[in-house]
Amino acid sequence: MNPSTVGGDRPDRMRWFRARWALLIAASGRDRGMSTAEYAVGTIAACAFAALLFKVVTSPEVQQLVTGLINKALNVAG
């Protein structure tokens, strides 16, 4: 088979690839960072995660576990 009939010759493919790459690179510069709405959603999600983490860490089971670990570590150390 003739390569020019199947996929074009190498210079044509390289020209297409370079043009496509230039479009991808240029397009990435248009949308950098987050918009105000995205910041709001991110902030709410971070606050919800912080509240959940606080609830877990301050639960009696976790406090008991951490106290046991600290006591065990102090007893092993000295």
Side-chain angles (χ1 to χ4, degrees):
M1 291 186 124
N2 185 358
S4 63
T5 60
V6 174
D9 58 356
R10 185 167 172 83
D12 286 342
R13 283 185 283 169
M14 288 304 293
R15 189 177 313 117
W16 177 85
F17 179 75
R18 285 189 187 117
R20 187 75 180 144
W21 186 254
L23 285 173
L24 289 172
I25 296 298
S28 67
R30 289 184 299 194
D31 191 21
R32 291 192 177 167
M34 293 192 304
S35 68
T36 304
E38 290 167 332
Y39 275 117
V41 170
T43 302
I44 290 170
C47 289
F49 181 71
L52 177 68
L53 188 60
F54 178 76
K55 198 71 169 160
V56 169
V57 171
T58 57
S59 69
E61 295 86 9
V62 173
Q63 286 181 350
Q64 201 172 34
L65 179 70
V66 171
T67 303
L69 281 171
I70 291 172
N71 285 334
K72 189 183 287 188
L74 291 174
N75 290 334
V76 169

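Note that the numbering runs from 1 along the sequence shown for the chain.
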Sort and list the pairs that fulfil salt bridge (charged side-chain N to carboxylate O under 4.0 Å, His left out) and have at least one residue in residues 50-75, not counting sequence neighbours.
->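 Listed once each, the pairs would be none.
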List for me each residue that meets side-chain contact (heavy atoms from CB on, under 4.5 Å) alongside Thr67, sequence neighbours excluded, and say none if there are none.
->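 Only Asn71 meet the side-chain contact (heavy atoms from CB on, under 4.5 Å) criterion with Thr67.
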Taking only residues two or more places apart in sequence or in another chain, which ones pass side-chain contact (heavy atoms from CB on, under 4.5 Å) with Val66?
-> Val62, Ile70
For residues 40-51, which side-chain N or O atoms pair as donor and acceptor with protein atoms under 3.5 Å away, sequence neighbours left out?
| from | atom 1 | to | atom 2 | distance (Å) |
| --- | --- | --- | --- | --- |
| Thr43 | OG1 | Tyr39 | O | 2.7 |

Under the 4.5 Å side-chain heavy-atom rule for ILVMFWY, direct or indirect, which residues accompany Trp16?
->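 Grouped by the 4.5 Å side-chain rule, Phe17 form the rest of the cluster around Trp16.
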